[in-house]
Amino acid sequence: MIKSNHIEIVVVGSLNMDLVVRSPHLPIPGETIIGNSFATYEGGKGFNQAIAARRAGGQVAFVGKVGRDGFGDRFVAALDREGISRDFVTRGKNSTGIGNVWVGEDGANKIIVVPGTNNEVTPEDVEAASELLASAWVLLLQLEIPIATCTRAAQLVRRGGGKVLLTAAPVPTQPLPSELFEAISLLLVNETEVRQMATLLGLPAFNEGQEVEAGRAILAQVGSSLEGIVITLGSKGALWLSTQQVEHIDSFKVKAIDTTAAGDTFTGALAVGLQRGLPVPELLRFANAAGALSVTREGAYPSIPFEAEIERLLANG
Ligand code: RIB
């Protein structure tokens with residue numbers, strides 16, 4: 001098992017076993033259809049981001065919870081296989097979280113998550129990892145574990161001088177606490193989430209196509225603690241937004257087989273690029289290449305590319 005010294009990137013987040021059904025199209029309410037295939041893949045936004053950061057070349061540690069069940073065993077084995085420190089991955093009372101994933105022929109998905117042990121990750125679990133968090137360069141957070149836990153982790157990393165990247169997914173139903181917002185360095189959202197987050201902050205409604213305006217309004221509302229917002233736009237690329245800078249990069253043209261974990265893969269690679277000090281355009285290209293490769297393959301975990309593949313796409317793509 002990898003020990004948690006020399007860690008650059010810490011993920012405090014979810015581990016969901018993805019139960020994936022592929023079908024020609026996704027059923028509408030009341031409709032029964034025959035699917036093409038079923039498979040289980042290790043996933044969860046936290047786990048996917050950790051794998052993406054590790055495979056892109058980072059030293060990664062995970063803080064989270066799995067059940068005392070076969071799915072939990074699979075996660076422990078996967079973290080060890082990938083060389084991710086799991087000193088702070090413990091077993092909870094419930095079953096391991098699951099993601100019920102439907103994937104249509106065009107690679108688009110619909111996901112319902114049942115959190116299981118992810119809901120048991122407490123601020124106390126984070127306190128137990130306080131030394132690790134205080135020395136982290138980058139913390140990756142998503143919203144599939146309790147928000148109080150995310151807040152504590154973010155505060156510990158910010159206090160230690162590290163950067164906190166929050167993927168605002170699933171978009172919460174209640175506004176995020178100001179303590180969490182104040183501890184975030186970068187907010188990561190897709191084109192829908194940026195508008196939903198603006199609404200949650202009490203800002204006026206933004207229409208499709210107004211992602212930059214929504215992002216700018218969020219930056220102005222949250223204040224200077226938030227360094228920037230990264231908006232992933234699927235096949236339309238990605239945007240970096242700060243008070244001084246707007247950068248857009250196009251996406252790589254790939255055939256989409258399964259888009260599950262594309263955003264997570266982008267984020268994990270972005271954390272590695274940030275830690276390496278890449279300038280914004282290069283950083284976005286590195287992360288975008290990783291995300292693009294992930295959509296060309298099925299599943300979450302198995303679809304996440306290694307550094308050499310990312311470099312190859314960057315050189316040729
Ligand atoms: O972002 C993709 C992930 O969302 C899946 O792996 C699923 O488990 C949900 O967390």
Side-chain angles (χ1 to χ4, degrees), residues 9-20 40-56 58 60-66 71 74-75 78-79 82 84 86 89 96-103 108-121 126 138-147 149-151 153-154 164-173 176 180 184 186-194 196-197 230-232 234 238 258-272 287 290-291 294-295 299-305:
I9 297 164
V10 179
V11 180
V12 178
S14 58
L15 305 112
N16 299 323
M17 188 57 69
D18 286 346
L19 314 178
V20 185
T40 60
Y41 300 113
E42 292 85 350
K45 295 185 196 305
F47 176 83
N48 298 337
Q49 293 186 5
I51 297 293
R54 177 70 188 129
R55 290 187 172 178
V60 182
F62 204 96
V63 179
K65 249 177 204 160
V66 292
F71 287 167
R74 277 179 59 180
F75 276 110
L79 291 167
E82 297 290 331
I84 295 175
R86 60 170 178 87
V89 175
T96 301
I98 63 113
N100 197 340
V101 184
W102 294 358
V103 184
N109 63 46
K110 287 192 174 182
I111 305 178
I112 299 178
V113 166
V114 180
T117 43
N118 294 307
N119 267 349
E120 294 178 44
V121 188
V126 160
V138 181
L139 170 68
L140 295 177
L141 291 172
Q142 322 75 35
L143 296 174
E144 291 184 332
I145 60 168
I147 285 173
T149 308
C150 292
T151 306
V164 177
L165 275 56
L166 174 75
T167 299
V171 172
T173 47
L176 292 176
L180 176 55
I184 300 168
L186 278 183
L187 180 67
L188 291 112
V189 279
N190 66 24
E191 52 200 317
T192 317
E193 290 157 359
V194 70
Q196 291 173 323
M197 286 302 285
V230 180
I231 310 173
T232 50
D258 182 349
T259 57
T260 314
D264 300 329
T265 304
F266 176 98
T267 302
L270 189 91
V272 172
S294 80
V295 310
Y301 177 29
S303 74
I304 297 171

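Values in this document were obtained by computation on a predicted structure and should not be read as measured data.
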Would you say the side chain of Ile51 lies within less than 4.5 Å of the side chain of Val60, judging by non-hydrogen atoms? no

Smallest heavy-atom separation, Ala53 atom then Ile9 atom, equals CB-CD1, 4.1 Å

Is a side-chain donor or acceptor of Thr149 paired with a backbone partner of Val121 at a separation under 3.5 angstrom?
yes

dist Leu139:CG -> Ile184:CD1 (nearest 0.5 Å) comes out at 10.0 Å

Note to self: Checking the side chain of Asn190 only, and the main-chain atoms of Thr192 only, is there a donor and an acceptor separated by less than 3.5 Å?
What the structure shows: yes

Q: Decide yes or no for Phe266 and Val230: does some side-chain heavy atom of the first lie under 4.5 Å from some side-chain heavy atom of the second?
A: yes

Heavy-atom nearest pair, Val11 first then Gly46, reads CG1-O, 3.4 Å

>> Quick check against the 3.5 Å criterion: does Arg54 have a side-chain atom that pairs as donor or acceptor with the backbone of Ile84?
In response: no

So CG of Asn109 and OG1 of Thr259: to nearest 0.5 Å the spacing works out to 4.0 Å

Distance col, row Thr117:OG1 vs Ile98:CD1, nearest 0.5 angstrom, shows 11.5 Å

What one should report as the nearest heavy-atom pair of Ala269 and Ala287 is CB-CA, 3.9 Å

For Tyr301 and Asn48 the tightest heavy-atom approach is N-OD1, 4.2 Å

When rounded to the nearest 0.5 Å, the distance separating CG of Leu141 from OG1 of Thr267 is 11.5 Å

In this structure, OG1 of Thr151 is separated from CG of Leu176 (nearest 0.5 Å) by 7.5 Å

Arg74 and Thr40: CA distance, side-chain angles, deciding distance, side chain to side chain donor-acceptor pair (under 3.5 Å) verdict | CA-CA 11 Å; Arg74 277 179 59 180; Thr40 60; 2.9 Å; yes

Backbone N or O of Ile145 within a donor-acceptor pair of the Ser14 side chain at under 3.5 Å? no

Would you indicate whether the side-chain heavy atoms of Val89 and Phe47 approach each other to under 4.5 Å?
no

Between Gly234 and Glu191 the two heavy atoms that sit nearest each other are N-OE2, 4.4 Å

So Thr96 and Phe75, do their side chains get closer than 4.5 Å, heavy atoms only?
yes

Result for side chain to side chain donor-acceptor pair (under 3.5 Å) between Thr167 and one of Lys45, Gln142, Gln49, Glu193 points to Gln49

- Message: Quick check against the 3.5 Å criterion: does Asp258 have a side-chain atom that pairs as donor or acceptor with the backbone of Gly299?
- Response: yes

Checklist entry - Is the side chain of Asn118 donor-acceptor paired with the backbone N or O of Leu15 at a distance under 3.5 Å, no angle test? => result yes

Residues Asn119 and Pro146: closest non-hydrogen pair is O-CG, 3.5 Å

### Message
For Ala290, is there any backbone N or O sitting under 3.5 Å from a side-chain donor or acceptor partner on Thr265?
### Response
no

Taken to the nearest 0.5 Å, the spacing of Leu188 CG from Leu166 CG works out to 7.5 Å

(Q) Between Val126 and Val12, is there a side-chain heavy-atom distance shorter than 4.5 Å? (A) yes

